[in-house]
Novice: 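Got a structure for you, written out below as structure tokens; questions coming shortly.
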Amino acid sequence: MAGVPQADTEKARPSRASLPPFAYAPVAVAAAVVAVALMATASRYGYHRDELYFRVLGFHPSWGYVDQPPGTPLLARASVEIFGDSLWGLRVPAMLATVGVAVLLALVAREVGAGRWGQGLAAVGAAGTFPLVFGHVLLTATVDMVAWVLVLLFAMRALLRQEPRWWLAVGAVVGVSLWFKLLVVLLLAVLAVALLLVGPRSALASRWLWAGALLALALGSPMVAYQVVNDFPQLTMAQALQENKGEEARILLVPFQLSLVGLTLVPIFIAGMVALVRRPALRPVRALAVGYGILLVVMFLLAAQPYYSLGLFLTIYAVGAARAEMWSGTVPRRVALAAAVVVNVVAAVAFALPVFSIAAQAQLGITEINQATRDQIGWPEYTRQVTDVVTALPPQQRASAVVITSNYGEYGALHRYGSGLSTARLYSGHNELHRLGSPPERARVAVLVGFGEDGSTVRQWFASCEVAEHLDHGLGVGNEEQGRPITVCRDPRESWAVLWPRFQHYS
């Protein structure tokens, strides 16, 4: 990548005609590196617990679920239909999303005057730590990452170019993204507050902005209607997440910001923040920097997950890439910057992607800090253990026995790998799975998977319970399932109609 910005961002506000050419070659190289890295490692380890859940929900289409809109499960189902019921196929959309982010970040950098070098550097942000995590595993955050950057790119065009019609594009993206995750509303809220604080306030009075808001509402109205009709289940989920992970989220908020793209690229993000605040030509979009600060405060108060800021962080990083390009005008500086990029990409790949064996990951300590890795291992082994317990039941008991899992990961694994278990006998009270059905009254034996350390939390609901096995994948790596019991309980003390609501829980 070579070249320098064709205009200092302070000289004039960009117009479409004055922007540097799009840097096809360096951006294509960055996107190709991301795509190859993701596809080469897509089938290693196994399904993430969330992917197993989305796969199940995809077979139960709905206008919404208690913990999420329908978009990601529908995307998972489409992947299964197009690419087959495989781990690689399920992850194709995640790979495409991250490649798309690389291109979008280059467009953001171009919007503030970056040339070939700056646009390529911006695209490399998609090879950062968390973009690679969200590109390796299909999560609700995967599509949300794309949506946030796209919203911010169009908003920058509306403000920097003084072309308010781009607010319609913002509205279209927001409306579609509501089908995947409602978090984009938080982005809009913090940007609105930031515009009120630092301007340009006139943007909030634009008829194009309000037309965009109406378009977003029209496209996302089914999701809004679902929340209203079902008593806002997302608020229930948010409260559950706050109770279960809130304190940890607050503690990790700042460290996560430093690791979103990788430590060696953080100075580029800082350069973006400084440029947004200090450079006159970027005054129309300095609300991005103020909005980021507001977002962190809101996230701390709500005990929100620390990666929620990724889309805004990446956008500011892309602005910083334009400044880094201007700074790296000499060969030594450019060599130093290139070295930092290489180190960052190598470290991000090593952390985010399964390039090492599980044993090597454990020795390096990666499994201790990367939950996404831990959540991808052990599912076939756990399924075999549960199947063995069911098979060992006396024939008369086995015929009517049901299997109840404590979470959607266990349920999804049994649904995917449990060829000897009828899905009609599989139940869970976790999130949306509770609404898929309850055990029949004739079921007098229940094989409970993962409830408490010894199954004691459910013993009182049955006449007798005994721990038959403990989940063990044999890899020597701890995760959420490892060591949990498989408990065989007999003769419910009350009807399933009474017991089943007690199994319901959110997390």
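All heavy atoms count here, side chains included; hydrogens, waters and symmetry mates do not.
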Novice: Test your reading of the model: is there a side-chain donor-acceptor pair from W379 to the backbone of Y47, 3.5 Å cut-off?
Specialist: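 Yes, because the side chain of W379 sits within donor-acceptor range (under 3.5 Å) of the backbone of Y47.
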
Novice: Out of curiosity, N431 CG to Y411 OH, how far, rounded to the nearest 0.5 Å?
Specialist: 13.0 Å

Novice: Using the side chain to side chain donor-acceptor pair (under 3.5 Å) rule, take Y506 and E432 through it: C-alpha gap first, then chi angles, then the decisive distance, then the call.
Specialist: CA-CA 9 Å; Y506 299 103; E432 181 67 23; over 6 Å; no

Novice: Report yes if some heavy atom in the side chain of L314 is under 4.5 Å from a heavy atom in the side chain of M145; otherwise report no.
Specialist: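 Sidechains of M145 and L314: in contact.
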
Novice: Indicate yes or no for a side-chain donor-acceptor contact from W179 to the backbone of L219 under 3.5 Å, with no hydrogens or angles considered.
Specialist: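 Indeed, once roles are kept as given, a pair shorter than 3.5 Å links the two residues.
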
Novice: Does A238 have any side-chain contact (heavy atoms from CB on, under 4.5 Å) partners at least two apart in sequence or in another chain, and if so, which?
Specialist: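 If we apply the side-chain contact (heavy atoms from CB on, under 4.5 Å) test to A238, skipping adjacent residues, there are no hits.
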
Novice: Determine whether the aromatic ring centres of Y226 and W63 lie less than 6.0 Å apart.
Specialist: no

Novice: If we check side chain to side chain donor-acceptor pair (under 3.5 Å) with K181, which of these qualifies: T140, D144, T72?
Specialist: T140

Novice: Looking only at heavy atoms, what is the nearest atom pair of W167 and A203, with distance?
Specialist: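 Of all heavy-atom pairs spanning W167 and A203, the closest is CZ2-CB, 4.3 Å.
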
Novice: Could you walk me through whether Y45 and Q361 pass side chain to side chain donor-acceptor pair (under 3.5 Å), step by step?
Specialist: CA-CA 11 Å; Y45 300 172; Q361 290 256 22; 2.8 Å; yes

Novice: Test side-chain contact (heavy atoms from CB on, under 4.5 Å) on V341 and T264 and set out the steps.
Specialist: CA-CA 7 Å; V341 167; T264 59; over 6 Å; no

Novice: For A213, check side-chain contact (heavy atoms from CB on, under 4.5 Å) against everything at least two apart and list the hits.
Specialist: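 A213: side-chain contact (heavy atoms from CB on, under 4.5 Å) contacts with W210.
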
Novice: Check whether NZ of the Lys or CZ of the Arg R334 lies under 6.0 Å from the centre of the six-membered ring of W117 and within 45 degrees of that ring's axis.
Specialist: yes

Novice: Minimum heavy-atom separation for L121 to A324, with atom names?
Specialist: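 Scanning both residues, the minimum pair turns out to be CD2-CB, 3.6 Å.
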
Novice: For R165, look at atom CZ and say whether over 12 heavy atoms of other residues, nucleotides or ligands are found less than 6.0 Å away.
Specialist: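 No, CZ of R165 has 12 or fewer neighbouring heavy atoms, counting only those of other groups under 6.0 Å.
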
Novice: For the residue pair D85 and R55, what are the closest heavy atoms and their distance?
Specialist: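 Looking at all heavy atoms of both residues, the closest pair is OD2-NH2, 2.8 Å.
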
Novice: Please assess H430 against S507 for the test side chain to side chain donor-acceptor pair (under 3.5 Å), listing each intermediate value before the final yes or no.
Specialist: CA-CA 8 Å; H430 193 199; S507 64; 2.7 Å; yes

Novice: Do the non-hydrogen side-chain atoms of L182 and P69 ever get within less than 4.5 Å of each other?
Specialist: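 Sidechains of P69 and L182: in contact.
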
Novice: Going by heavy atoms in the side chains, are I369 and F351 under 4.5 Å from each other?
Specialist: yes

Novice: May I ask you to decide whether R157 forms a salt bridge with E163, counting only side-chain N to carboxylate O separations under 4.0 Å?
Specialist: no

Novice: I need the minimum non-hydrogen distance between P200 and P284, along with the two atoms involved.
Specialist: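 That closest heavy-atom pairing would be CD-O, 3.3 Å.
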
Novice: Nearest 0.5 Å, what's the CE-CZ distance between M273 and F313?
Specialist: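 So the gap between those two atoms works out to 9.5 Å.
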
Novice: Answer yes or no: is there a side-chain heavy-atom contact under 4.5 Å between L38 and T98?
Specialist: yes

Novice: Looking at R250 and L301, would you say the former's side chain and the latter's main chain have a donor-acceptor pair under 3.5 Å?
Specialist: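 Yes: the side chain of R250 pairs with the backbone of L301.
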
Novice: Looking only at heavy atoms, what is the nearest atom pair of Q234 and D67, with distance?
Specialist: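 The answer is NE2-O, 3.4 Å.
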
Novice: If only atom types and distance count, is the side chain of R110 paired as donor or acceptor with the main-chain N or O of P20 below 3.5 Å?
Specialist: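 Such a contact is found between R110 side chain and P20 backbone.
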
Novice: Looking at every non-hydrogen atom in both residues, tell me the closest pair between G64 and P70 and how far apart they are.
Specialist: CA-CD, 4.1 Å

Novice: Ring centroids only, cut at 6.0 angstrom: are Y53 and Y408 within range, meaning strictly under it?
Specialist: yes

Novice: Measuring from atom CG of L168 to atom CG of L215, what distance do you get when rounded to the nearest 0.5 angstrom?
Specialist: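 So the CG of L168 and the CG of L215 are separated by 6.5 Å.
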
Novice: As an exercise, state the distance from CG of L302 to CG of L186, rounded to the nearest 0.5 Å.
Specialist: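 Those atoms lie 7.5 Å apart.
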
Novice: Would you check, one step at a time, whether the test side-chain contact (heavy atoms from CB on, under 4.5 Å) holds for F134 with L310?
Specialist: CA-CA 11 Å; F134 296 158; L310 177 62; 3.4 Å; yes

Novice: Please check this pair: side chain of T142 against backbone of L138, looking for a donor-acceptor N/O pair closer than 3.5 Å.
Specialist: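 Checked: no pair found.
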
Novice: Measuring from atom NE2 of H60 to atom OH of Y65, what distance do you get when rounded to the nearest 0.5 angstrom?
Specialist: 8.5 Å

Novice: Please confirm whether F256 and Y308 have ring centers closer than 6.0 angstrom.
Specialist: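 They do not qualify: ring centres at least 6.0 Å apart.
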
Novice: Between F269 and Y292, is the ring-ring contact (aromatic ring centres under 6.0 Å, His included) condition met? List the steps.
Specialist: CA-CA 11 Å; F269 166 79; Y292 178 76; 5.1 Å; yes

Novice: Between the side chain of S259 and the main-chain N/O of G262, is any donor-acceptor distance below 3.5 Å?
Specialist: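 Not confirmed, S259 side chain does not pair with G262 backbone.
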
Novice: Set out, in order, the CA-CA distance, both residues' side-chain angles and the distance that settles side-chain contact (heavy atoms from CB on, under 4.5 Å) for L312 and I316, then state yes or no.
Specialist: CA-CA 6 Å; L312 183 51; I316 297 173; 4.2 Å; yes

Novice: Has the side chain of R201 got a donor or acceptor atom that lies under 3.5 Å from a matching backbone atom of L196?
Specialist: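 Here the side-chain-to-backbone pair exists.
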
Novice: Any donor-acceptor pair under 3.5 Å linking the side chain of Q119 with the backbone of P21?
Specialist: yes

Novice: Less than 4.5 Å apart, any side-chain heavy atom of L337 and any of I268?
Specialist: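 In contact.
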
Novice: Rounded to the nearest 0.5 Å, how far does CZ of R416 lie from CD of E51?
Specialist: 11.5 Å

Novice: Of L353, L132, V349, V36, which meets side-chain contact (heavy atoms from CB on, under 4.5 Å) against T41?
Specialist: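 Of the listed residues L353, L132, V349, V36, the side-chain contact (heavy atoms from CB on, under 4.5 Å) partner of T41 is L353.
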
Novice: Taking side chain as C-beta onward, heavy atoms only, is Y317 less than 4.5 Å from I270?
Specialist: no

Novice: For the pair Q227 (side chain) and M223 (backbone), establish whether a donor and an acceptor sit closer than 3.5 Å, ignoring hydrogens and angles.
Specialist: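 Not a single qualifying donor-acceptor pair exists.
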
Novice: Other residues, nucleotides and ligands only: do more than 12 of their heavy atoms fall within 6.0 Å of CZ on F83?
Specialist: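 Yes, the 6.0 Å shell around CZ holds more than 12 heavy atoms from other groups.
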
Novice: Going through the distances and angles, do N407 and E481 end up as a side chain to side chain donor-acceptor pair (under 3.5 Å)?
Specialist: CA-CA 9 Å; N407 63 56; E481 315 304 323; 3.1 Å; yes

Novice: With distance as the sole test, does R49 use its side chain to make a donor-acceptor pair with the main-chain N or O of D375 at under 3.5 Å?
Specialist: no

Novice: For a side-chain contact (heavy atoms from CB on, under 4.5 Å) check, start with the C-alpha distance between W208 and W166, then their side-chain angles and the critical distance, and finish with the verdict.
Specialist: CA-CA 8 Å; W208 291 103; W166 282 104; over 6 Å; no

Novice: With N230, which residues qualify under side-chain hydrogen bond (donor to acceptor under 3.5 Å, both in side chains), at least two apart?
Specialist: none

Novice: Report yes if the side chains of R91 and L87 come closer than 4.5 Å at any heavy-atom pair, otherwise no.
Specialist: yes

Novice: Quick test of your reading of the model: are E81 and R77 salt-bridged, counting only N-O distances below 4.0 Å?
Specialist: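 Yes, this pair counts.
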
Novice: What I want to check is whether the side chains of Q376 and H136 have a donor and an acceptor closer together than 3.5 Å.
Specialist: yes

Novice: Determine whether R161 and L19 make a side-chain contact, defined as any pair of heavy atoms from C-beta on separated by less than 4.5 Å.
Specialist: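 A side-chain contact under 4.5 Å exists here.
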
